[in-house]
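Heads up: the structure comes next, in structure tokens.
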Protein chains: 2
Amino acid sequence: MDLFISKYFNKIDKKGRISLPSSFRNVLPKANRNEIILYKSIKSSSIEGCGVGRLKEIAKRINNLDFFSEDYDDFSTSIFSEIVTTNVDKEGRFLIPEELKLYAGIKTEAAFFGQGHFFQIWEPKQGLKNTEDSRRRLLKEKKSLRMMLTQQK
Amino acid sequence: MDLFISKYFNKIDKKGRISLPSSFRNVLPKANRNEIILYKSIKSSSIEGCGVGRLKEIAKRINNLDFFSEDYDDFSTSIFSEIVTTNVDKEGRFLIPEELKLYAGIKTEAAFFGQGHFFQIWEPKQGLKNTEDSRRRLLKEKKSLRMMLTQQK
DNA sequence: TGGGATTATATGGGCGTCAATGGGTATATG
DNA sequence: CATATACCCATTGACGCCCATATAATCCCA
């Protein structure tokens, strides 16, 4: 499986380390399995993460913008300077930077939510609540949900 | 990772030295890891920097402007004549020229902001404010920032 | 097929290494 | 000769690597 799926609740130890769920590690390309990128989610108080490969895609896109435009700087600043790379140790653990932990309200435990091509890290309770909320929103529009699930390709 | 990513806040010591963040040093080609170039940003009161190899890329971008336009001369002059090269010592530190420090309002501390293929050096508070401002501008066009981050392939 | 054995995962902790920083001294350069 | 700058060494704290353990999952063979 090459997608981030399911959810996991892991602990942060005294040194600040937390295990990246094993199934998530397996999604990362064997080449760069010891490095991930993290950034603040745009739409929620959670952290989003993925493998470094994705970053190169983003870099390419930004590079195609007009170098002398204001947009270029805005994108470049908001993305490159806000993204952090983190090393995953041999045991599959990594450190969540303090600033990101603050942003997401994470203290001693964190929840990983698979999102397909990326994943989110939440303060456990907030994460569960978010899942409920989004499911509730979806069910209000059952029709569109059914369409999304059944309409293949 | 071969991109300048994330942000770092380092101190300037009595001798005027400041550490280039370790992850930034690793972006520089092993051959010229002890030399960087610095110049005043055209668009903000910050210093921009990169490895010497990037000069060619800058030249190309300027060359792509209309040769007979006023912009061409302005950019060409503003950038090329203002570029300075600086040596990075064995411990990874370098000196920011006085004129550039003045331009950016830097005194005892500086913030490094990754910008992909180059980086910016800011007076810490101004740098943080700039990040907020540019993010605010982008969030007005939420869709485009999300596309930049999530678009596949 | 059941139950013991092997493997994997999450977690804990010791310790060496590296990054950021400080300072002394040599060297260069005008 | 005076000032600036590079090299060398030292310190501190953070982080990566190694080893260890407990629990869970898987295997495997009688």
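Below, all heavy atoms of this structure are taken into account, side chains as well, without hydrogens, waters or symmetry copies. To find a chain, count down the sequence lines: A is the first, B the second, and so on, and within it residues start at 1.
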task: Classify the side-chain pair Gln126(A)/Ser45(A) by whether it contains a donor and acceptor separated by less than 3.5 Å.
output: yes
message: Five pairs per end, C1' atoms only: what is the angle between the end axes of the helix from dT1(C)-dA30(D) to dG30(C)-dC1(D), to 10 degrees?
response: 50°
message: If the condition is side-chain contact (heavy atoms from CB on, under 4.5 Å), which residues does Ser134(B) pass it with, not counting sequence neighbours?
response: Asp74(A), Thr77(A), Ser78(A), Arg137(B)
- request: Just jot down the side-chain contact (heavy atoms from CB on, under 4.5 Å) partners of Leu95(B), sequence neighbours excluded, or say none.
  value: Arg17(B)
query: Is NZ or CZ of Lys7(B) both nearer than 6.0 Å to the six-membered ring centre of Phe113(B) and within 45° of the ring axis?
result: no
- line: Note: with side-chain heavy atoms under 4.5 Å as the link, the other cluster members for Val84(A) come out as Phe4(A), Tyr8(A), Ile12(A), Ile18(A), Leu20(A), Phe24(A), Val27(A), Leu28(A), Ile36(A), Leu38(A), Ile47(A), Val88(A), Phe94(A), Ile96(A), Leu100(A), Ile106(A), Phe112(A), Phe119(A), Ile121(A)
message: Side chains of Ile37(A) and Phe118(A), heavy atoms from C-beta outward: is any pair under 4.5 Å?
response: no
Under the salt bridge (Lys or Arg N to Asp or Glu O under 4.0 Å) test, residues paired with Asp89(A) that sit two or more places apart: Arg93(A)
task: Would you name the heavy atoms of Ala111(A) and Pro124(A) that are closest together and state the gap between them?
output: CB-CA, 4.0 Å
Tabulate atom names and distances for all N/O pairs under 3.5 angstrom spanning the protein and nucleotides 26-30 of chain C.
none

- prompt: Does any residue of residues 18-35 of chain B have a heavy atom under 4.0 Å from DNA chain C, and if so, which ones, in number order?
  reply: Ser19(B), Leu20(B), Pro21(B), Ser22(B), Arg25(B)
Whole-Å distance separating the NZ atom of Lys14(B) from the P atom of dA4(D): 16 Å
message: Tell me every residue that passes salt bridge (Lys or Arg N to Asp or Glu O under 4.0 Å) with Lys43(B), counting only those two or more places apart in sequence or in another chain.
response: Asp73(A)
- prompt: Do Tyr39(B) and Glu48(B) get their side chains close enough for a donor-acceptor pair, meaning under 3.5 Å?
  reply: yes
statement: Applying side-chain contact (heavy atoms from CB on, under 4.5 Å) to Asn26(B) and not counting sequence neighbours gives Ser22(B), Arg33(B)
task: State, to 0.1 Å, how close Ala104(A) and Ser46(A) come at their nearest heavy-atom pair, and which atoms those are.
output: CB-CA, 4.2 Å
- line: Residue pairs passing the salt bridge (charged side-chain N to carboxylate O under 4.0 Å, His left out) test with at least one member in residues 100-124 of chain A, sequence neighbours excluded, are Glu98(A)-Lys101(A)
Heavy-atom protein contacts under 4.0 Å, nucleotides 12-25 of chain D, coded B base, S sugar-phosphate only, - none: ---SBBBB------
query: Would you call Glu99(B)-Lys40(B) a salt bridge at under 4.0 Å N-O?
result: yes
Pair Glu57(B) + Lys60(B), salt bridge at N-O below 4.0 Å: yes
query: Does anything in residues 96-128 of chain B reach DNA chain D, meaning a heavy atom under 4.0 Å, and if so which residues?
result: none
